[in-house]
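In listed order, ligands and their atoms are each counted from 1.
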Amino acid sequence: MKFDLIIHNAQIIDGSGEPAFNADLAVSKGKIAAIGAVSAADATLVYDAQGLVLAPGFVDVHTHDDLQVIHAPQMLPKISQGITTVIVGNCGISASPVTLTGALPDPMNLLGAAEDFSYADFASYKQAVNRAQPAVNVAALIGHTALRNNHMDRLDRTATQGEVELMRVQLREALTEGALGLSSGLAYGSAIASSTEEVKKLAEVLNETGAVYTTHLRTEFDEILTALDEAFEIGEHAKAPIIVSHLKCAGAGNWGRSGEILKKLETASQNHPVGCDCYPYSASSSTLDLQQVTSDFDIVITWSEPHPEQGGKKLADIAKDWNVSLVDAAKKLQPAGAVYHGMSEQDVQKILAHPLTMVGSDGLPVDPLPHPRLWGAFPRVLGHYSRDLKLFSLPEAIRKMTRMSADRFGLDDRGRIAVGAAADLVLFDPATVKDAATFTQPQQLAEGIEAVWVNGVLSYAQKTVTGMRAGKFLTRQRDLRMGFY
Ligand SMILES: [Zn+2]
């Protein structure tokens with residue numbers, strides 16, 4: 001018995017964007033040991049993959065699973081989509097390093113409750129994840145807002161030089177411990193008052209270890225081009241690769257501008273490593289933001305602390321029931337969460353199909369009525385967008401979910417099918433794979449995901465978790481100063 005596992009007769013799509021090929025794949029000690037014709041007699045376990053596609057496990061580059069990987073380590077919403085690695089700490093908010101002295105600022109409440117934040121440094125977070133042993137691998141960014149909140153008495157101003165210095169010390173420590181980079185969430189009330197200079201000063205630290213800068217832009221509405229300029233200015237100053245988070249044209253006045261925005265991204269990418277992620281839906285979701293309240297499109301309330309009974313209702317209907325304006329209804333509901341149906345489908349498709357775009361779910365795991373992207377983003381790209389709408393080929397869809405994603409974050413042995421790479425694998429039926437989660441029934445297992453292996457361990461099969469959890473904490477393996485591949 002040479003191998004632990006052989007997957008027989010699969011259509012392999014390796015993550016590079018190249019077409020499928022038929023082969024057997026052998027796994028030994030959690031790694032891919034052979035690809036080609038392998039005899040079934042050489043393995044302890046044999047899995048017949050006739051008619052199915054075998055791809056690298058999907059890398060969800062945009063998640064808010066920071067605390068979820070510790071508190072719900074089965075990670076069913078993710079493993080059931082074929083996701084084997086999650087990147088946490090996006091949009092300026094991270095579970096570490098965090099020391100709370102007052103109330104939990106919005107939007108850190110998207111991650112969990114105040115009492116769940118107990119990781120004062122990156123090392124203790126890493127330890128807690130390893131202790132919980134989640135079903136998926138975890139890699140982490142450090143949030144700008146989290147750092148601000150550690151060192152500032154109030155968040156409605158820019159940080160002083162002394163405060164930035166304290167933030168730099170914490171960021172540097174986390175990067176040395178293997179954090180992937182820095183994320184910002186400049187549109188949120190807790191970071192919007194920070195100056196470009198503040199973020200530039202902080203981001204300078206990234207270059208010391210070759211780490212990445214990701215950003216939820218200052219605005220995704222009419223002024224998005226200026227916000228992109230700011231993102232490029234920060235990344236270029238820091239000599240760090242730039243990833244624009246959940247790129248979109250938000251707001252009715254902005255529909256149809258994806259061409260212009262992608263052009264700008266392309267131009268910037270000619271001189272500097274720049275890319276973006278995107279979730280495959282024309283609705284966004286976050287905390288309920290008064291700035292985003294409008295009658296231009298539907299806003300659905302997903303949760304409300306003072307009015308939980310309003311969850312699932314449209315803001316417009318609630319305002320009508322209460323006989324108040326939309327903004328007054330929103331004020332009464334806060335703190336609350338919402339889904340905003342505020343994008344045009346054509347823009348979503350253009351951005352998703354662009355060669356610089358990776359797939360990320362941006363799922364919100366603690367929302368009681370989560371946006372369906374939490375359970376459906378990756379199968380939706382494979383089924384709806386690639387197979388049914390033919391927006392791009394299946395190998396290209398998989399590249400956007402695996403190889404490109406792992407390379408951009410410096411995770412060298414993930415996101416690819418190659419001898420020596422980690423045996424993170426997903427087997428799916430290309431004819432039936434699809435998302436089942438909807439806006440009204442969001443917590444639904446995807447169809448057609450047949451089996452998922454994490455570090456060589458079968459973790460999900462026949463629409464159920466096996467109970468084996470083999471995820472690891474992943475630290476940055478590559479110095480990204482030389483840019484993307
Ligand atoms: Zn965001």
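- Listed by first then second residue, pairs satisfying salt bridge (Lys or Arg N to Asp or Glu O under 4.0 Å) with a partner in residues 176-186 read Lys126-Glu177, not counting sequence neighbours.
- Here Arg476 pairs with nothing under the salt bridge (charged side-chain N to carboxylate O under 4.0 Å, His left out) rule; sequence neighbours left out.
- The residue from Lys200, Glu204, Lys201 that alone fulfils the side chain to side chain donor-acceptor pair (under 3.5 Å) condition with His237 is Glu204.
- Sparse packing is recorded around CD of Gln161, with 12 or fewer heavy atoms of other residues, nucleotides or ligands lying under 6.0 Å away.
- Screening residues 90-117 for salt bridge (Lys or Arg N to Asp or Glu O under 4.0 Å) gives no qualifying pairs among residues at least two apart or on separate chains.
- Taking distances strictly below 2.8 Å, the protein N/O/S atoms close to the Zn ion (ligand 1) are Cys91 SG, His216 ND1, His246 NE2.
- Using a 4.0 Å cut-off between a side-chain N of Lys or Arg and a carboxylate O of Asp or Glu, Arg168 and Glu165 qualify as a salt bridge.
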